[in-house]
Amino acid sequence: MTSTDVVRLDKKQQRNLTRLQAHDNARAARDQLAGTLGALEEKLNVPKRAARATARAKRRLQRFADEQPGAALAVAVGVVVAVGVGVWLVVRANLDD
């Protein structure tokens, strides 16, 4: 038998082949649906995404502080001063009323 010969299947063999193809197609569709649902869950799970973003930011800040402690200290002082000025302005605005 050469590669160009056509294999003839009887009706029962064709039906069984069709069933196997249907099972394979159903399995592939289930796998694709599971992947899609997993991607949607990942995208729509806000608390999980926020936790990951927070962990990433902490690692970045820790690495920055380890590599440049002087700059990290300056940034921290700047943030404290900015928050302090903001609180002072809010309190002052409320006391003037």
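Numbering of residues begins at 1 and proceeds along the displayed sequence. Note that this is a predicted model, so its numbers are computed, not measured.
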### Query
Do Asp24 and Arg27 pass the side-chain contact (heavy atoms from CB on, under 4.5 Å) test, and can you show the C-alpha distance, the side-chain angles, and the key distance before you say yes or no?
CA-CA 5 Å; Asp24 287 343; Arg27 184 178 304 115; 3.0 Å; yes
### Query
Would a hydrophobic clustering, with Ile, Leu, Val, Met, Phe, Trp and Tyr connected at side-chain separations under 4.5 Å, put Val87 with Val79?
yes
### Query
Is Arg49 salt-bridged to Glu42, cutoff N-O under 4.0 Å?
no
### Task
Following the transitive rule for hydrophobic clusters with a side-chain heavy-atom cut-off under 4.5 Å over Ile, Leu, Val, Met, Phe, Trp and Tyr, establish whether Val91 and Val83 coincide in one cluster.
yes
### Summary
Between Ala65 and Ala72, the two heavy atoms sitting closest are CA-CB, 3.8 Å
### Query
CG of Leu61 to CG of Asp66: how many Å apart, nearest 0.5 Å?
11.0 Å
### Message
As an exercise, state the distance from CG of Asn25 to CD of Gln32, rounded to the nearest 0.5 Å.
### Response
11.0 Å
### Task
Decide whether Leu89 and Val81 are clustered together by the hydrophobic rule: side chain heavy atoms of Ile, Leu, Val, Met, Phe, Trp, Tyr closer than 4.5 Å, transitively.
yes
#### Entry: Exceeds 12 heavy-atom contacts within 6.0 angstrom, atom CD of Glu41
yes
### Message
Please say yes or no: joined through hydrophobic side-chain contacts below 4.5 Å, possibly via intermediate residues, are Val85 and Val77 part of one cluster?
### Response
yes
### Task
Evaluate the criterion side-chain contact (heavy atoms from CB on, under 4.5 Å) for residue pair Lys58 and Gln62; output intermediate values, then yes/no.
CA-CA 6 Å; Lys58 284 181 182 179; Gln62 186 63 46; over 6 Å; no
